[in-house]
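Any value given below was found using the heavy atoms of this structure, including those in side chains, with hydrogens, waters and symmetry copies removed. Just so it is clear: chains get the letters A, B, ... in the order the sequence lines come, proteins before strands, and each one is counted from 1. What you are looking at is a predicted structure, and each value in this text was computed from that prediction instead of being measured.
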2 protein chains.
Amino acid sequence: MRPKATLKQIAKELNVSVSTVSKALSNSPEISEPTKIKVQEFAKLKNYKPNNIAVNLKSKRSKTIGVILPNILNPFFAKVFSGIEKAANERGYNVITCISNESLTKEIHAMDILSNGTIDGFILSISDETQKEHEFKHFKEAIADDLPIVMFDRTSEDVNCDKVIVDDFDSAVYAVNHLIKTGCKNIALLSNLDNTSVGKLRAEGYLQALKDNKIAINESLIMRTQSNEEFDEQFPSFFDIKGKKIDGIFAVEEHASVAAHKAVLKGGFRIPEDVQIIGFADGVWSRRLTPSLSTVSQHGPEIGEAAAELLINRLEDKTEDGPDYETRIIKTELRQRESTRKL
Amino acid sequence: MRPKATLKQIAKELNVSVSTVSKALSNSPEISEPTKIKVQEFAKLKNYKPNNIAVNLKSKRSKTIGVILPNILNPFFAKVFSGIEKAANERGYNVITCISNESLTKEIHAMDILSNGTIDGFILSISDETQKEHEFKHFKEAIADDLPIVMFDRTSEDVNCDKVIVDDFDSAVYAVNHLIKTGCKNIALLSNLDNTSVGKLRAEGYLQALKDNKIAINESLIMRTQSNEEFDEQFPSFFDIKGKKIDGIFAVEEHASVAAHKAVLKGGFRIPEDVQIIGFADGVWSRRLTPSLSTVSQHGPEIGEAAAELLINRLEDKTEDGPDYETRIIKTELRQRESTRKL
DNA sequence: TTATTTAACTCACACGTTTTCGTTTTAGTG
DNA sequence: CACTAAAACGAAAACGTGTGAGTTAAATAA
């Protein structure tokens, strides 16, 4: 391997000082045109690239943001991540990624590892376990150590920081309203996210829509679980279409929607004639089912972009961070496909 | 914010030298037990963490690996990524991620951005466009600059480096053999990846299996396209089950498998009685379809772990890298579900 | 001619660590 | 007590970069 070109090497070979090289490369007016050209051409020839680590050390910023995701296999998080990555790159930032796997310990560990100059700030969605345990100290410490955090999707009231969320409550109200308006009387709520902030909000939206339409709440139509596994376990005994006269289903996440879809068809019912389904979903698969699923789409990439923008703005805002934290809401969209009837 | 604790600060407050603090914290034998304890306790109190950037600058390694993925929304890559992240973390490495979006330009740009000390090496899967253009200069330059590369899945013969692949050819032979043994006479090949190395290998495996079983190759049963979009466009006119007497389908990727699944059912045929289907797949959805799809599973996480291990071993191998590059093959597994008949 | 400006460049330090080498202190020995 | 050796610590350089303060030499002004 060729030795990596450094300012020092170039300086020696051209018989000038290191500072001259540095200034010439940054087009400083203190350097004469001829030497500038000489240095710049030589640097290009040697394929010189400023050592990023040294630059970071001087500037005390790494231009890198740490992203902590609960689960990259969930297409929603993958979409958000792609948005973060895109927006960050456009503004000259790199992205370092850790996966908490829904574990509080891993979340803390990841933040700890990165909180030593490696990154300038965090973008994260709170892990399942963290929300269950109400343990937010690590977030507050990071912020106190001048490492700003932007939370998305799963956020916490208890932590003061920028946030990007979806209007979960309103979207749920809207979706359930649609079911009601198209004739559903007995709408089931399927939650496999009942431990998370977003799951709760969507469930509340369901309740609100019923209330708005003066429909009595029927607890036997409501299923709340905290994970896909728990959901799969309880679903068969819960899901009695005929007995419960279910004619509409609102699911807070794609896993539940698909399970319902499958069960409805297997039971010999027609979608959407007998049973309508709407679910929150971000995978590519809702539209591949037959009949395809109507979904509440969350615009994952936009969420990611907004989060990155928020964080970078804060990082580059020199006006001594007044903690005027912002919560940005990304509107959802009801994508009507074949599992719902038209109004 | 509290000022970040540094060696200098601690040294001043304890009236010792910077070197003493450094040595005390690293448990050097040159420091007496009492001062060690004094320093260590004070450091813990002040929540001291060695500035990673400074450490990197000294050690000339960042303990960070750059990962370049063609598309994080593809569940296969997401799985591989989770494996990389896990294995890297276990060995004390961070992961910086870029998404090439199947673009050569973005791939080059990403590598360029990171090749300045930010990372110690790359793990990547070659972008679609890069494979089409046969443009591998950027890989070779990185390797020449002492930034090792490990390629996975989509690799290139033209680049000398460690690789992790799946036995695409053998897996395809095996899968198609299974179809033949269970009675299929007219097996269609659906490729939506015909530009990539893996797509080609799987197609060749299909041909080989026919040859091994002395079945004549029928070009009208073979469909080759270079993207999902192109596939979707041509599929309807290609897929004539009755006319072509198709009784078996081998798909090189999940998208094609699902399209076939849908089309078969829509045509009024039964799976697997009339038509059997096997596809390469990594999504969670193959098993959710009704009937569920039999798939060739690629063990994405294992691929990622192997890649990380290979790279880190090379990074930490002090024995002046003899380029004894290794290609590790991760065995696939034929997951028999409902879309195939039992032997 | 001498003083003053200006252009062009060099010096020296800083960022926070680690590490080598040198210096001081303590303990041990004759 | 003097000398040696080990133990404990400090000074300084280095990693590669950026920057304000100096330095030189030439050009201009008085």
*Is a salt bridge present between D145(A) and K4(B), judged by a nitrogen-to-oxygen distance below 4.0 Å?*
no

*Are K49(A) and D112(B) within salt-bridge range, i.e. N to O under 4.0 Å?*
yes

*Could you give all pairs that pass the salt bridge (charged side-chain N to carboxylate O under 4.0 Å, His left out) test and reach residues 91-100 of chain A, with sequence neighbours left out?*
R91(A)-E316(A)

*Under a 4.0 Å heavy-atom cut-off, which of residues 36-44 of chain B touch DNA chain D?*
none

*In residues 51-58 of chain A, which residues come under 4.0 Å of DNA chain D by heavy atom?*
N51(A), A54(A), V55(A), K58(A)

Quick one: side-chain contact (heavy atoms from CB on, under 4.5 Å) partners of [X], sequence neighbours excluded?
{"X": "K44(A)", "result": "none"}
{"X": "I113(A)", "result": "H109(A), N94(B)"}
{"X": "T97(A)", "result": "L69(A), F81(A), V95(A), F81(B), T97(B)"}
{"X": "I10(A)", "result": "L14(A), V21(A), F42(A), A43(A), Y48(A)"}

*For L104(A) and E129(A), work out which heavy atoms get closest and say how close.*
N-OE1, 2.8 Å

*N or O in side chain of S22(B) less than 4.0 angstrom from dT17(C) OP1/OP2*: no

*Establish, with yes or no, whether the OP1 or OP2 oxygen of dC15(C) is under 4.0 angstrom from a side-chain nitrogen or oxygen of K8(B).*
yes

N/O to N/O distances under 3.5 Å, protein versus nucleotides 20-22 of chain C:
unit_1: dT20(C); atom_1: O4; unit_2: K23(B); atom_2: NZ; d: 3.2

[N] [atom2] sits how many Å from [X] [atom1], rounded?
{"X": "N116(A)", "N": "dC15(C)", "atom1": "CG", "atom2": "C1'", "value": "15 Å"}
{"X": "R61(B)", "N": "dT17(C)", "atom1": "CZ", "atom2": "P", "value": "18 Å"}
{"X": "L7(B)", "N": "dC15(C)", "atom1": "CG", "atom2": "C1'", "value": "12 Å"}

*Nucleotides bounding contact with chain A, strand DNA chain D, heavy-atom threshold 4.0 Å*: dC15(D) to dA21(D)

_Restricting to salt bridge (charged side-chain N to carboxylate O under 4.0 Å, His left out), what partner residues turn up for K140(A), sequence neighbours left out?_
none

*Not counting sequence neighbours, which residues clear salt bridge (charged side-chain N to carboxylate O under 4.0 Å, His left out) with E102(A)? List them please.*
R154(A)

*Using a heavy-atom cut-off of under 4.0 Å over every strand shown, decide if T35(A) touches base, sugar-phosphate, or nothing.*
sugar-phosphate

*Between dT17(C), dC15(C), dA8(C), spot the one nearest the side chain of K60(A), thanks.*
dC15(C)

Show me the donor-acceptor pairs, under 3.5 Å and distance only, between side chains in residues 299-312 of chain B and residues at least two apart or in other chains.
unit_1: H299(B); atom_1: ND1; unit_2: K331(B); atom_2: O; d: 3.1
unit_1: H299(B); atom_1: NE2; unit_2: E333(B); atom_2: OE1; d: 2.9

_Whether S125(B) side chain and F152(B) backbone form a donor-acceptor pair below 3.5 Å_ = yes

*D120(B) side chain to K63(B) main-chain N or O, any donor-acceptor pair under 3.5 Å?*
yes

